[in-house]
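Residue numbers start at 1 and run along the sequence shown.
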Amino acid sequence: MAQAAASHILVDSEERARELIAELENGADFAQLARENSNCPSSQQGGALGTFGRGQMVPEFDTVVFSAPVGEVQGPVQTQFGYHLVLVTERND
């Protein structure tokens, strides 16, 4: 069964997500931005969500995690929770 590990930053608006993408492109640290900006409890772990299987996350998130290149920030991805920046840290398909 496919497994992946990912981190994310969850914010309320697409505009804020795009501001954070710009910070990342300018060399900001993903985990540090997650700690400072994410609305998810995972922010305490720098956005790390641990390892999970296909279908364990909401569909929009799941699709990105199981298709995006490992190590490249994706997003903003809109779900019922808000806007996510997603970083797949590992995956075995």
Side-chain angles (χ1 to χ4, degrees):
M1 179 172 137
Q3 296 272 305
S7 296
H8 77 141
I9 300 172
L10 175 63
V11 294
D12 294 331
S13 72
E14 185 175 357
E15 179 183 9
R16 184 66 184 129
R18 293 197 182 283
E19 290 169 359
L20 292 173
I21 288 171
E23 289 188 43
L24 289 166
E25 288 171 349
N26 287 324
D29 179 67
F30 190 94
Q32 188 62 37
L33 285 183
R35 280 190 282 277
E36 295 170 357
N37 297 279
S38 184
N39 298 332
C40 181
S42 69
S43 65
Q44 299 300 308
Q45 290 82 44
L49 296 169
T51 302
F52 49 90
R54 194 182 294 272
Q56 289 186 263
M57 299 290 180
V58 293
E60 304 91 337
F61 196 90
D62 198 66
T63 298
V64 171
V65 169
F66 287 96
S67 64
V70 173
E72 291 182 20
V73 176
Q74 305 294 313
V77 177
Q78 185 176 8
T79 70
Q80 72 231 39
F81 302 107
Y83 293 85
H84 306 259
L85 299 183
V86 182
L87 177 62
V88 181
T89 51
E90 64 181 78
R91 183 176 62 232
N92 63 358
D93 296 310

Side-chain polar contacts of residues 39-54 - donor-acceptor pairs under 3.5 angstrom, sequence neighbours left out - could you list them?
unit_1	atom_1	unit_2	atom_2	d
Asn39	ND2	Asp12	OD1	2.9
Ser42	OG	His8	NE2	3.3
Ser43	OG	Cys40	O	3.0

Common cluster, Val70/Val73, ILVMFWY with side-chain heavy-atom separation under 4.5 Å | no
Does Val65 belong to the same Ile/Leu/Val/Met/Phe/Trp/Tyr cluster as Leu10, with side-chain heavy atoms less than 4.5 Å apart forming each link?
-> yes
Can you tell me if Arg16 uses its side chain to pair, donor with acceptor, with the backbone of Tyr83 under 3.5 Å?
-> no
So, Gln78 side chain and Pro76 main chain: donor-acceptor pair closer than 3.5 Å or not?
-> no
Output yes when a side-chain donor or acceptor of Arg91 lies under 3.5 Å from a complementary backbone atom of Ala2, and no otherwise.
-> no
Tell me whether Phe81 is reachable from Phe61 by hopping between hydrophobic residues (I, L, V, M, F, W, Y) whose side-chain heavy atoms are closer than 4.5 Å.
-> yes
For His84, the option from Thr79, Val64, Val11 that meets side-chain contact (heavy atoms from CB on, under 4.5 Å) = Thr79
Has the side chain of Thr89 got a donor or acceptor atom that lies under 3.5 Å from a matching backbone atom of Ala5?
-> yes
Distance col, row Glu25:CD vs Leu20:CG, nearest 0.5 angstrom, shows 11.5 Å
Taking side chain as C-beta onward, heavy atoms only, is Leu33 less than 4.5 Å from Leu85?
-> no
Do Val88 and Leu24 share a hydrophobic cluster, counting only Ile, Leu, Val, Met, Phe, Trp and Tyr and linking them when any side-chain heavy atoms are less than 4.5 Å apart?
-> no
Roughly how far apart are Glu36 CD and Ile9 CD1, rounded to 0.5 Å?
-> 9.5 Å
How far does OG1 of Thr63 sit from CE of Met57, to the nearest 0.5 angstrom?
-> 13.0 Å
